[in-house]
**Student:** 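Just dropping this structure here.
Quick caveat, the model's predicted, so the values are computed rather than measured.
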Amino acid sequence: MKIAVYPGSFDPITNGHLDIIIRASKLVDKLIVAVVENPTKQPLFTLEERLCMMTEALKCVKNAKTDSFKGLLVNFLKKNKANVIVKGLRAVSDFEFEYQMALMNRQLDKDIETVFLMTSAKYAFLSSSSVREISALGGNVSEFVPKRVEKRLKVKYASMDNLKIKQKIEVD
Ligand code: ADP
């Protein structure tokens, strides 16, 4: 059985990620979408929220499941009997970092292959960070993320605004 892992912070999942997931799921028997537990930067959404959004989005992809991991990706693969890492590539700027990571992971475990899927052109500009930024500024992200993610972004930023207002009142 061919098992692949698609890792990322998914903060939050975008339609660009979903496109890679759907395409990768057709190449393998089982795809594990692995949400990184400890991204370097403080995430907007908690691990539980990111897992929940991913599980909701993956309902239509029968051979994909959601999980989380911390520590070395190669150890997570080994634990799940997987030997393929799936990565999405948007631009040349993604390539250098991903190339380095792929070589390092192969060094750590020679049985692991990293497979790169090119983004669909319509998602080439799309990233979680741009979605967060647009949403924080009150812009419309409905074209970029699943409906439930859009709702969660609205709720998240509304509650952050309320908190700021509350803090301001307390200081004043
Ligand atoms: P980001 O915050 O940059 O969206 P993630 O760590 O959540 O990144 O991304 C996980 C994986 O998905 C990475 O391999 C990344 O290159 C890929 N990816 C992210 N957005 C897209 C997109 N729009 N098209 C293709 N691949 C993407």
Side-chain angles (χ1 to χ4, degrees), residues 4-26 30-73 76 80 85-95 97-98 101 116-172:
V5 172
Y6 177 42
S9 39
F10 305 113
D11 185 34
I13 177 177
T14 67
N15 291 339
H17 293 132
L18 206 48
D19 174 60
I20 295 289
I21 291 168
I22 291 167
R23 286 161 52 205
S25 72
K26 293 175 185 160
K30 182 172 153 190
L31 180 70
I32 303 170
V33 181
V35 183
V36 183
E37 210 176 309
N38 47 351
T40 40
K41 278 187 254 156
Q42 179 69 28
L44 173 67
F45 289 102
T46 65
L47 176 68
E48 287 67 31
E49 289 171 324
R50 285 179 286 141
L51 279 169
C52 189
M53 284 185 280
M54 186 58 80
T55 308
E56 284 166 0
L58 292 193
K59 274 186 187 142
C60 57
V61 192
K62 290 284 167 272
N63 61 338
K65 71 159 202 162
T66 315
D67 202 348
S68 66
F69 77 103
K70 59 178 171 191
L72 277 180
L73 178 61
F76 178 78
N80 286 282
I85 298 170
V86 172
K87 287 292 184 108
L89 279 185
R90 280 162 292 193
V92 185
S93 51
D94 277 345
F95 178 78
F97 174 72
E98 295 294 355
M101 289 280 287
F116 293 98
L117 296 185
M118 298 304 148
T119 182
S120 296
K122 61 179 173 174
Y123 299 129
F125 60 90
L126 184 54
S127 69
S128 295
S129 57
S130 58
V131 163
R132 291 195 302 271
E133 218 167 295
I134 294 166
S135 198
L137 297 171
N140 178 5
V141 293
S142 59
E143 273 180 62
F144 310 138
V145 294
K147 195 98 213 126
R148 281 166 183 259
V149 174
E150 185 194 353
K151 279 190 191 147
R152 277 176 185 265
L153 279 162
K154 277 191 186 145
V155 171
K156 179 68 85 179
Y157 282 115
S159 68
M160 282 165 75
D161 282 349
N162 287 341
L163 188 68
K164 272 187 213 145
I165 291 165
K166 198 168 155 254
Q167 282 167 345
K168 194 171 180 317
I169 291 168
E170 277 167 8
V171 170
D172 294 346

**Student:** When rounded to the nearest 0.5 angstrom, what is the spacing between CD in Glu143 and CD1 in Ile134?
**Tutor:** 10.0 Å

**Student:** Decide yes or no for Lys30 and Lys65: does some side-chain heavy atom of the first lie under 4.5 Å from some side-chain heavy atom of the second?
**Tutor:** yes

**Student:** Go through the side-chain N and O atoms of Asp11 and Ser9 and say whether any donor and acceptor fall under 3.5 Å apart.
**Tutor:** no

**Student:** Could you go through the side-chain contact (heavy atoms from CB on, under 4.5 Å) check for Ile21 and Leu58 one step at a time?
**Tutor:** CA-CA 9 Å; Ile21 291 168; Leu58 292 193; 3.7 Å; yes

**Student:** So do the side chains of Tyr123 and Thr14 get within less than 4.5 Å of each other, counting heavy atoms only?
**Tutor:** no

**Student:** Between Asp67 and Val33, is any pair of side-chain heavy atoms under 4.5 Å apart?
**Tutor:** no

**Student:** Checking side-chain contact (heavy atoms from CB on, under 4.5 Å) for the pair Phe69/Val36: CA distance, chi angles, key distance, verdict?
**Tutor:** CA-CA 5 Å; Phe69 77 103; Val36 183; 3.6 Å; yes

**Student:** Can you confirm whether Leu73 sits close enough to Val5 that some side-chain heavy atom of one is under 4.5 Å from a side-chain heavy atom of the other?
**Tutor:** yes

**Student:** State the CZ-CD1 distance between Phe116 and Ile20, to the nearest 0.5 angstrom.
**Tutor:** 11.0 Å

**Student:** What is the distance from atom CG of Asn63 to atom NZ of Lys26, rounded to the nearest 0.5 Å?
**Tutor:** 10.5 Å

**Student:** Can you list the steps and then say if Ser135 with Glu150 is a side-chain contact (heavy atoms from CB on, under 4.5 Å)?
**Tutor:** CA-CA 8 Å; Ser135 198; Glu150 185 194 353; over 6 Å; no

**Student:** When you compare the side chain of Phe10 with that of Leu51, does any pair of heavy atoms fall below 4.5 Å?
**Tutor:** no

**Student:** Is any side-chain heavy atom of Ser128 closer than 4.5 Å to a side-chain heavy atom of His17?
**Tutor:** yes

**Student:** Salt-bridged, Lys147 to Glu56, with N to O below 4.0 Å?
**Tutor:** no

**Student:** Ignoring hydrogens and geometry, is there a side-chain-to-backbone donor-acceptor pair from Arg23 to Met118 under 3.5 Å?
**Tutor:** yes

**Student:** Is the shortest heavy-atom distance from the side chain of Val61 to the side chain of Leu31 under 4.5 Å?
**Tutor:** no

**Student:** Step through the shown structure and confirm whether more than 12 heavy atoms of other residues, nucleotides or ligands are within 6.0 Å of CZ on Arg148.
**Tutor:** no

**Student:** Rounded at 0.5 Å granularity, tell me how far NZ in Lys59 sits from CE in Met54.
**Tutor:** 13.5 Å

**Student:** What is the distance from atom CD1 of Ile13 to atom CZ of Phe144, rounded to the nearest 0.5 Å?
**Tutor:** 15.5 Å

**Student:** Side chains of Met53 and Pro146: closer than 4.5 Å at any heavy-atom pair?
**Tutor:** no

